[in-house]
Participant: 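Got a structure for you, written out below as structure tokens; questions coming shortly.
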Amino acid sequence: MRAPAAILVLCGVLAGAARPARAEPLPSGSLGIMFGGASGTGRYAHSLGIGYYQFGAQAAWQPMTTERRIGWSLKWSFAFGTMYDADSARIDLYLRTLQMDFLAGLRIRPGDNPLRYIALRGGVELLRNNEPVQPDGGRAFVGPVADVALEQYAFGAVLFNADVRYGLIGRGPAEIALLIGASISVP
């Protein structure tokens with residue numbers, strides 16, 4: 001008689017202890033560094049040349065939980081670049097740039113891995129150069145930008161990202177860039 005009573009008590013304890021599974025929240029924010037390469041495209045291919053972003057910073061806010069497959073994302077970044085073989089570099093040897101972006105969009109988990117995401121963003125970019133960019137003749141430009149990113153969480157608090165960014169769309173010097181970054185996640 002004791003064994004069935006003990007089994008019933010054990011089942012009752014286990015049933016009371018079992019709770020529905022909850023999703024773990026992902027870190028909502030991140031702050032980090034980035035670098036990468038860039039090239040002018042279209043009619044600006046020779047004006048901008050090919051170069052790299054030697055230093056940049058990024059900050060993102062993208063609140064999600066691991067049970068959600070789609071969420072929203074805001075990202076701000078800036079990067080200092082050096083463009084080689086740029087036809088617009090007439091005084092200095094290189095065309096030096098400062099690019100600032102503010103992007104908003106969607107963040108999608110493509111599979112079952114709760115630590116990997118694809119982000120699709122669009123926004124506005126400010127591009128500033130040390131010399132006028134030909135054929136427009138301006139040094140500062142503002143216009144639309146598009147971004148596709150692969151993001152991977154690692155080590156619990158680090159977010160690695162690889163972004164392909166195209167801007168300025170339809171206005172001013174167009175370039176395509178591959179940017180690699182690492183950020184510390186913050187709640």
Participant: So which heavy atom on A177 is nearest to which on A38, and how close?
Facilitator: CB-CB, 3.9 Å
Participant: Do V145 and R165 have side chains that approach each other closer than 4.5 Å (heavy atoms only, starting at C-beta)?
Facilitator: yes
Participant: Can you list everything that forms a side-chain contact (heavy atoms from CB on, under 4.5 Å) with E131? Sequence neighbours excluded, please.
Facilitator: A89, R90, I91, D92, L95
Participant: State, with a plain yes or no, whether a side-chain heavy atom of P135 is found less than 4.5 Å away from one of S47.
Facilitator: yes
Participant: Give the minimum heavy-atom separation between A174 and Y44, together with the two atoms involved.
Facilitator: N-CD1, 3.4 Å
Participant: For residues W61 and S73, determine if any side-chain heavy atom of one lies less than 4.5 Å from a side-chain heavy atom of the other.
Facilitator: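 The answer is no, as the side chains (C-beta and beyond) never meet within the 4.5 Å cut-off.
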Participant: Taking atom CZ of F80 and atom OG1 of T97, what is their separation to the nearest 0.5 Å?
Facilitator: 9.5 Å
Participant: Do side-chain atoms of R139 reach the backbone of N129 as a donor and acceptor pair under 3.5 angstrom?
Facilitator: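 Side chain of R139 to backbone of N129: a pair is present.
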Participant: If only atom types and distance count, is the side chain of N130 paired as donor or acceptor with the main-chain N or O of R96 below 3.5 Å?
Facilitator: yes
Participant: Determine whether the aromatic ring centres of residues Y84 and Y94 are separated by less than 6.0 angstrom.
Facilitator: yes
Participant: Atom OG in S39, atom CG in L178: separation rounded to 0.5 Å?
Facilitator: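 It is 12.0 Å, given to the nearest 0.5 Å.
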Participant: Between CD of Q99 and CG of L127, what distance do you get to the nearest 0.5 Å?
Facilitator: 6.5 Å
Participant: Applying salt bridge (charged side-chain N to carboxylate O under 4.0 Å, His left out), can you list everything that pairs with R43, at least two apart in sequence or on another chain?
Facilitator: D136
Participant: Checking I169 now: which residues fulfil side-chain contact (heavy atoms from CB on, under 4.5 Å) with it, not counting sequence neighbours?
Facilitator: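 For I169 the side-chain contact (heavy atoms from CB on, under 4.5 Å) partners, ignoring immediate neighbours, are P144, A146, Y166.
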Participant: Hey, what's the ring geometry for W76 with F78, parallel, tilted or perpendicular (30° and 60° as the breaks)?
Facilitator: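 Because their plane-to-plane angle lies in the 30° to 60° range, the rings of W76 and F78 count as tilted.
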Participant: Give the minimum heavy-atom separation between A149 and D163, together with the two atoms involved.
Facilitator: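 So the minimum-distance heavy-atom pair works out to CB-OD1, 3.4 Å.
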Participant: Hey, are the side chains of L150 and I118 touching, using non-hydrogen atoms and a 4.5 Å cut-off?
Facilitator: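 Touching, per the 4.5 Å side-chain cut-off.
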Participant: Not counting sequence neighbours, which residues clear side-chain contact (heavy atoms from CB on, under 4.5 Å) with D85? List them please.
Facilitator: none
Participant: Let me check something: any side-chain donor-acceptor pairs from residues 102-111 under 3.5 Å, sequence neighbours excluded? List them with distances.
Facilitator:
unit_1: R107; atom_1: NE; unit_2: E151; atom_2: OE1; d: 2.8
unit_1: R107; atom_1: NH1; unit_2: Y153; atom_2: OH; d: 3.4
unit_1: R107; atom_1: NH2; unit_2: E151; atom_2: OE1; d: 3.1
unit_1: R107; atom_1: NH2; unit_2: Y153; atom_2: OH; d: 2.9
unit_1: R109; atom_1: NE; unit_2: G111; atom_2: O; d: 3.0
unit_1: R109; atom_1: NH1; unit_2: T66; atom_2: O; d: 2.3
unit_1: R109; atom_1: NH1; unit_2: R68; atom_2: O; d: 3.4

Participant: Could you tell me which non-hydrogen atom of G49 sits nearest to which non-hydrogen atom of M83, and how far apart they are?
Facilitator: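 Answer, listing the atom of G49 first, then M83: O-CE, 3.5 Å.
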Participant: Would you name the heavy atoms of F160 and A154 that are closest together and state the gap between them?
Facilitator: CE1-CB, 3.8 Å
Participant: Ignoring hydrogens, what is the shortest heavy-atom contact between P173 and L48? Give both atom names and the distance.
Facilitator: CB-CD1, 3.8 Å
Participant: Find the distance between CD (Q58) and CG (L31) and round it off to the nearest 0.5 Å.
Facilitator: 8.5 Å
Participant: Does any pair with a residue in residues 26-38 pass side-chain hydrogen bond (donor to acceptor under 3.5 Å, both in side chains), and if so which ones, sequence neighbours excluded?
Facilitator: none
Participant: Are any non-hydrogen side-chain atoms of M64 and R69 less than 4.5 angstrom apart?
Facilitator: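 Result no, sub-4.5 Å side-chain heavy-atom pair not found.
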Participant: Decide yes or no for T82 and Q54: does some side-chain heavy atom of the first lie under 4.5 Å from some side-chain heavy atom of the second?
Facilitator: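 They are in contact (side-chain heavy atoms under 4.5 Å apart), so the answer is yes.
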